[in-house]
Amino acid sequence: MAFKQMEQISQFLKAAEIYGVRTTDIFQTVDLWEGKDMAAVQRTLMSLGSLAITKDDGCYRGDPSWFHRKAQQNRRGFSEEQLRRGQNVIGLQMGSNKGASQSGMTGYGMPRQIM
C-alpha cells in the first residue's frame, strides 16, 4: 500500500511539472510521505494554484481569490534620449560616498580613545 501511495504522489508531481510548475517549486515525494517538509508541499500547491489561475484554462474551478495571478508582462518603452541620459546617472543602488572622509581614523593596532 505504501509503495502505491508514493507512486501516486510521484505521478502528481510529474503532472504538475508537465502543467508548467517550475521544478524548483516542486517538493520531493518523501516531503509529503514522511511529513518532513510540509512547507515545501504547501509551496507546490500554491504555485500550482497560481499557475492555474494565470493560465485560466478551466482546470481550476475554485475561488480565484485563494491564489495570486502571476504577472504576464510589464513592457516599458524608453526613447534613445532617455537611455542616453540614464547612462550618466549613478543610482543609489551603487551606494554613495557623499560626506565620507577618513578624518579621525587611526592606524591599525592603536587603541580606541574612549572618553
| query | What are the two closest heavy atoms between N74 and R76, and how far apart are they? | reply | ND2-NH2, 3.0 Å
| note | Across all chains, not counting sequence neighbours, the salt bridge (Lys or Arg N to Asp or Glu O under 4.0 Å) partners of K70 are none
| Residues two or more places apart in sequence or in another chain: which of them pass salt bridge (Lys or Arg N to Asp or Glu O under 4.0 Å) with E81? | R84, R85
Please output the side-chain donor-acceptor pairs of residues 44-52 that fall under 3.5 Å, not counting sequence neighbours, one pair per line with the distance.
from	atom 1	to	atom 2	distance (Å)
T44	OG1	D25	O	2.6
T44	OG1	F27	N	3.0
T44	OG1	A40	O	3.1
S47	OG	D25	OD2	3.2
S50	OG	M46	O	3.0
S50	OG	H68	O	3.3
S50	OG	H68	ND1	3.4

| remark: Going by chain and number, the hydrophobic cluster around L83 (ILVMFWY, side chain to side chain under 4.5 Å) further includes F78
| query | How would you list all residue pairs meeting salt bridge (charged side-chain N to carboxylate O under 4.0 Å, His left out) that involve residues 26-44, not counting sequence neighbours? | reply | E34-K36
| request: Only pairs at least two apart or in different chains count here, so list each ring-ring contact (aromatic ring centres under 6.0 Å, His included) that has a residue in residues 6-25. | output: none
If you look only at distance, which donor and acceptor atoms sit under 3.5 Å apart when one is on a side chain in residues 1-10 and the other is two or more places apart or in another chain?
from	atom 1	to	atom 2	distance (Å)
S10	OG	M6	O	3.2
S10	OG	T29	OG1	3.3

| request: Could you tell me whether W66 atom CH2 has more than 12 heavy atoms of other residues or ligands within 6.0 Å of it? | output: no
| Path from L32 to V21 over hydrophobic side-chain contacts below 4.5 Å | yes
| field | Residue list, side-chain hydrogen bond (donor to acceptor under 3.5 Å, both in side chains) with S65, at least two apart or on another chain | value | D63
| note | side-chain hydrogen bond (donor to acceptor under 3.5 Å, both in side chains) filter on D56, not counting sequence neighbours, yields none
